[in-house]
> 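Before I ask anything, let me first share the structure, which is written out below as structure tokens.
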Amino acid sequence: MPETIRSVLHDIQETQGATFREDSGWFWTEGFGNHPAGYEAVRGGVAIWDVYPLVKWDVSGPDAAAVIQRVFTRDLSTQKVGQVRYGAFVDAEGLLVDDGTVYKHSDDHYWVLTNSDEWADYARSHSPDATFAADLRTHDMPLISVQGPKSRDLIQTLTDTDLSRLGYFTFLPDKISVAGVPTWIARTGFSGEIGFELIPERSGAVELWRALSDGGAVPMGLDTLEPVRIEAGLVIYYAEYTPGEQSPYDISLDKLVAVDGTADFLGKATLAEIAAAPPYRLKTLLLDGEDLPDDGADVLRDGVVVGTLTSRAVSPAFGAIALARVATAHAQDGTAVEIALSDSTVSATVAPLSVKDPEKVLPRG
């Protein structure tokens, strides 16, 4: 049986008190024994999170853009060098296969960051005659997510590059020096706050992590990330959707599906039909009390199942909260629903998808 893979940052995190969770062949950082400190840091200061297992592809060649576009729901024809596009990867029926980000280095060179390590084979199967290469670069590209209102201030103390010019969902195609480590930097993240993702040379990853920690960044793990990303309305692969079962509209990715443009991607006609009347909405649920239902629990209204709970957590700011796919007719903010427990139900109220920041203003700050 293959050995579980450890991040290049595993050992330094362990010295900081980290515990780890095995998932799909990787060790993910579970936490550092002080969840409140991590939450306070990401919401009021700066926190760092090791995203080493995120799958990273270097895609190049004359047909690179067309290959990516064929399976991606955003319109890449308008993407400029240095821009990052988040969106859905879909199949011929318009159902989600994965979600991820596309970074444009040039017209024939992209990065694609995904959840699944099967993306390249999938893309190739739908462009069998294309001229391109998709090289797996996960282990060469450790990723440190630096998130929180003070993230830019901290990183700025470690580099001479002016970070004020780096806009939301953009990246610098050339490496810069951060704490003396050659590093790619992007204005992206998974927290609902202003944030950056740093991809250092593997040999300098530990040095960079240490410099960020010494500068005041608080390390966090999945125990902090879960309430943070639920508050922000951010989706997780195999939580908010199961590949091959839901469309992007079922998890409210409407704005990320270019059905009105000229982009040629799988399932476009089907998705255009769904766009006219999406059957489900992804919503936040504010639960009464502290009882947490199981993932996958039924959401009910007047005793009738109207949705499915996808993720839940106890938020320091909002109490017990959840994300759920809710039938559109019952997804209006303020709607009272119930969620099934093992032998009873818990009352809940439908709320905006990002309960903390419905207009998603903070990450653009």
Side-chain angles (χ1 to χ4, degrees), residues 3-16 18 20 25-29 46-61 64 81-84 100-106 108-115 117 119-120 133-148 151-163 165-166 169-190 195-221:
E3 185 176 350
T4 303
I5 301 170
R6 299 186 176 203
S7 164
V8 68
L9 298 170
H10 188 282
D11 291 348
I12 189 171
Q13 290 181 90
E14 198 166 42
T15 67
Q16 294 173 317
F20 301 90
W26 300 87
F27 278 121
W28 288 84
T29 307
V46 55
I48 48 177
W49 176 44
D50 177 16
V51 204
Y52 187 85
L54 186 65
V55 182
K56 306 150 190 111
W57 305 93
D58 188 287
V59 185
S60 61
V81 172
Q83 284 187 327
V84 184
T101 45
V102 176
Y103 294 62
K104 183 173 182 177
H105 283 267
S106 67
D108 60 0
H109 182 203
Y110 294 79
W111 287 342
V112 178
L113 275 54
T114 63
N115 298 287
D117 62 5
W119 180 86
D135 298 320
L136 186 60
R137 295 285 304 281
T138 300
H139 297 295
D140 302 323
M141 297 171 62
L143 194 155
I144 301 173
S145 187
V146 187
Q147 303 290 306
S151 56
R152 180 162 44 206
D153 294 339
L154 172 56
I155 300 170
Q156 191 65 79
T157 67
L158 302 175
T159 183
D160 293 331
T161 300
D162 180 8
L163 300 181
R165 64 187 177 92
L166 191 60
F169 265 74
T170 67
F171 75 108
L172 298 180
D174 297 317
K175 294 177 184 176
I176 64 171
S177 175
V178 183
V181 178
T183 302
W184 282 291
I185 183 168
R187 260 291 303 278
T188 51
F190 200 66
F196 297 79
E197 292 182 315
L198 307 182
I199 301 177
E201 291 185 353
R202 180 182 175 89
S203 61
V206 172
E207 181 181 350
L208 180 56
W209 181 274
R210 183 178 292 112
L212 292 163
S213 298
D214 291 346
V218 176
M220 72 175 193

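Numbers here simply count residues along the sequence, with the first being 1. Here the structure is a predicted model, which is why all the values come from computation and not from measurement.
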> For Phe171 and Pro173, work out which heavy atoms get closest and say how close.
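Smallest interatomic distance, heavy atoms only, reads O-CD, 3.4 Å.
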
> Between Trp49 and Phe190, what is the ring plane arrangement, given parallel below 30°, perpendicular above 60°, and tilted in between?
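Ring orientation, 0 to 90° scale: parallel.
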
> Is a side-chain N or O of Gln147 found less than 3.5 angstrom from the main chain of Phe196, in a donor-acceptor match?
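Flag set: sc Gln147 to bb Phe196 pair under 3.5 Å.
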
> Rounded to the nearest 0.5 Å, how far does CD of Glu14 lie from OG1 of Thr29?
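Those atoms lie 10.0 Å apart.
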
> Using modelled atom types and a 3.5 Å cut-off, is there a donor and acceptor pairing between side-chain atoms of Glu3 and backbone atoms of Gly25?
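Such a contact is absent between Glu3 side chain and Gly25 backbone.
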
> Leu154 and Gly215: which non-hydrogen atoms are nearest, and at how many Å?
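That closest heavy-atom pairing would be CD1-O, 3.5 Å.
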
> Okay, side chain of Gln13, backbone of Leu9: is any donor-acceptor separation there less than 3.5 Å?
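Confirmed, Gln13 side chain pairs with Leu9 backbone.
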
> May I have the step-by-step check of side-chain contact (heavy atoms from CB on, under 4.5 Å) for Ile185 and Thr159, ending in yes or no?
CA-CA 11 Å; Ile185 183 168; Thr159 183; over 6 Å; no

> Is a side-chain donor or acceptor of Gln156 paired with a backbone partner of Leu163 at a separation under 3.5 angstrom?
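Yes, the answer is positive, given that a donor and an acceptor are paired below the 3.5 Å cut-off.
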
> Run the side-chain donor-acceptor check on residues 198-208: report pairs under 3.5 Å with partners two or more places apart or on a different chain.
unit_1	atom_1	unit_2	atom_2	d
Glu201	OE2	Lys175	NZ	3.1
Arg202	NH1	Tyr52	OH	2.6
Arg202	NH1	His139	O	2.9

> Say you draw a straight line from CD1 of Ile176 to CH2 of Trp184; how long is it, rounded to the nearest 0.5 Å?
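The CD1 atom of Ile176 sits 12.0 Å away from the CH2 atom of Trp184.
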
> With salt bridge (charged side-chain N to carboxylate O under 4.0 Å, His left out) as the rule and sequence neighbours excluded, what pairs involving residues 176-190 come up?
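Not a single pair qualifies under salt bridge (charged side-chain N to carboxylate O under 4.0 Å, His left out).
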
> Rounded at 0.5 Å granularity, tell me how far OG1 in Thr4 sits from NE2 in His10.
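Rounded to the nearest 0.5 Å, the OG1-NE2 separation comes to 9.5 Å.
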
> Given side-chain contact (heavy atoms from CB on, under 4.5 Å), test Val146 with Ile155 step by step and report yes or no.
CA-CA 8 Å; Val146 187; Ile155 300 170; 4.0 Å; yes

> For the residue pair Val84 and Leu113, establish whether any side-chain heavy-atom pair is separated by less than 4.5 Å.
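A side-chain contact is absent here, since even the closest heavy-atom pair is not under 4.5 Å.
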
> Before giving the answer on side-chain contact (heavy atoms from CB on, under 4.5 Å), spell out for Arg165 and Leu172 the whole-Å C-alpha distance, their side-chain angles and the decisive distance to 0.1 Å.
CA-CA 10 Å; Arg165 64 187 177 92; Leu172 298 180; 4.2 Å; yes

> Hey, what do you get for OG1 (Thr101) to CD (Gln83), rounding to the nearest 0.5 Å?
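Between atom OG1 of Thr101 and atom CD of Gln83 there are 13.5 Å.
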
> List the steps and the verdict of side-chain contact (heavy atoms from CB on, under 4.5 Å) for Val46 and Ser151.
CA-CA 5 Å; Val46 55; Ser151 56; 4.0 Å; yes

> Mark yes or no for whether Thr138, through its side chain, and Lys56, through its backbone, hold a donor-acceptor pair below 3.5 Å.
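The answer is yes, because a donor-acceptor pair under 3.5 Å joins these two groups.
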
> State which residue, out of Trp119, Trp57, Tyr103, fulfils the ring pair (Phe, Tyr, Trp, His ring centres under 6.0 Å) condition with Trp111.
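Looking at Trp119, Trp57, Tyr103, the match for Trp111 under the ring pair (Phe, Tyr, Trp, His ring centres under 6.0 Å) is Tyr103.
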
> Hey, could you give me the CZ/CG distance between Phe27 and Asp50, rounded to the nearest 0.5 Å?
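Phe27 atom CZ to Asp50 atom CG measures 13.0 Å (nearest 0.5 Å).
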
> Do side-chain atoms of Gln16 reach the backbone of Asp11 as a donor and acceptor pair under 3.5 angstrom?
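Checked: no pair found.
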
> Any idea which heavy atoms bring Val81 and Ser106 closest together, and the distance?
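It is CG2-CA, 4.0 Å.
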
> Of all heavy-atom pairs between Asp58 and His109, which one has the smallest distance, and what is that distance?
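Scanning both residues, the minimum pair turns out to be OD2-NE2, 2.9 Å.
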
> Where is the tightest heavy-atom contact between Ala186 and Leu166, given as atom of each residue plus distance?
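Distance-wise, the nearest heavy atoms are C-CD2, 4.2 Å.
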
> Around Asp162, counting heavy atoms of other residues, nucleotides and ligands shown, do more than 12 lie under 6.0 Å from its CG?
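Enclosed: over 12 neighbouring heavy atoms sit under 6.0 Å from CG of Asp162.
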
